[in-house]
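Just below is one structure, and these are the notes that go with it.
Chain A is the first sequence line, chain B the second, and so forth, proteins listed ahead of strands; every chain is numbered from 1.
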Amino acid sequence: MINHWLMKSEPTEFSIHDLAQRPGQREPWDGVRNYQARNMLRDQMRQGDLAFFYHSNCAEPGIVGIMRIVQEGYLDPTAFDPENTHFDPKSHPGNPRWYQVDVELVRIFPYILPLRELKKHPELANMPLVQRGNRLSIMPVSEEEWKFILRFLHEAQKSNRGGA
DNA sequence: GCCAACGTTGGC
DNA sequence: GCCAACGTTGGC
């Protein structure tokens, strides 16, 4: 049984379209500097797990597609690089603080599933994403939530085709 | 261990 | 750009 996740990125920094352009459509998910998120990267994500790609801090925040975890947690090298914006002088190779996983694009949704929409559904009320003040950049998504979102997307696509 | 100050996140 | 919410830091 695989687990499901949601991973945030600011599209101005790294968008799902950037991921689509990478060789093999793969990329290390680096720069996470929050302990709760770190623990999930390091301890809980497994190869084959699926994750929603979420665009945050932008004109239309929302879920924009799906990716797969292709490499389990390993050291985030950007923490050791003084030139990097995610440099953390307190993280040392001998005593590393930050971890990353590698992700691979599975698909880009035909349109954004906006946060605005996600907030309307009581089925998703337990997601940290829709709760006030939540800043977690990586979070688990329950089986039920995952299925609900995919079903909603599918229904919306169908009615879109019919309506157009 | 407390807690005020500060920096960051991220929706709006 | 604003600002509420939150996590981290550091003095004590």
Under the side-chain hydrogen bond (donor to acceptor under 3.5 Å, both in side chains) rule, collect the residues that match up with A:Arg22, sequence neighbours excluded.
-> A:Glu27

Applying side-chain hydrogen bond (donor to acceptor under 3.5 Å, both in side chains), name anything that partners A:Gln44, two or more places apart in sequence or on another chain.
-> none

Who passes salt bridge (charged side-chain N to carboxylate O under 4.0 Å, His left out) against [X], sequence neighbours left out?
| X | result |
| --- | --- |
| A:Arg97 | A:Asp88 |
| A:Lys147 | none |
| A:Glu155 | A:Lys158 |
| A:Arg42 | none |

Could you note down all residue pairs passing side chain to side chain donor-acceptor pair (under 3.5 Å) where residues 8-17 of chain A supplies at least one of them, sequence neighbours left out?
-> A:Glu10-A:Asn57, A:Glu13-A:His86, A:Ser15-A:Asp18

Under 6.0 Å between ring centres, would you say that holds for A:Trp98 and A:Tyr35?
-> yes

Start at the 5' end of DNA chain C and walk down; is the nucleotide closest to A:Asn57 or to A:Gly133 reached first?
-> A:Asn57

Start and end of the DNA chain B segment that chain A contacts, any atom under 4.0 Å from a heavy atom = B:dG7 to B:dC12

Mind listing the residues from residues 113-128 of chain A sitting with a heavy atom below 4.0 Å of DNA chain B? Number order is fine.
-> A:Leu115, A:Lys119

Any residue of residues 83-97 of chain A with a heavy atom less than 4.0 Å from an atom of DNA chain B | none

Non-neighbouring partners of A:His121 that pass ring pair (Phe, Tyr, Trp, His ring centres under 6.0 Å), sequence neighbours left out = A:Phe148, A:Phe152

Ring pair (Phe, Tyr, Trp, His ring centres under 6.0 Å) involving A:Phe80 - partner list, sequence neighbours excluded = none

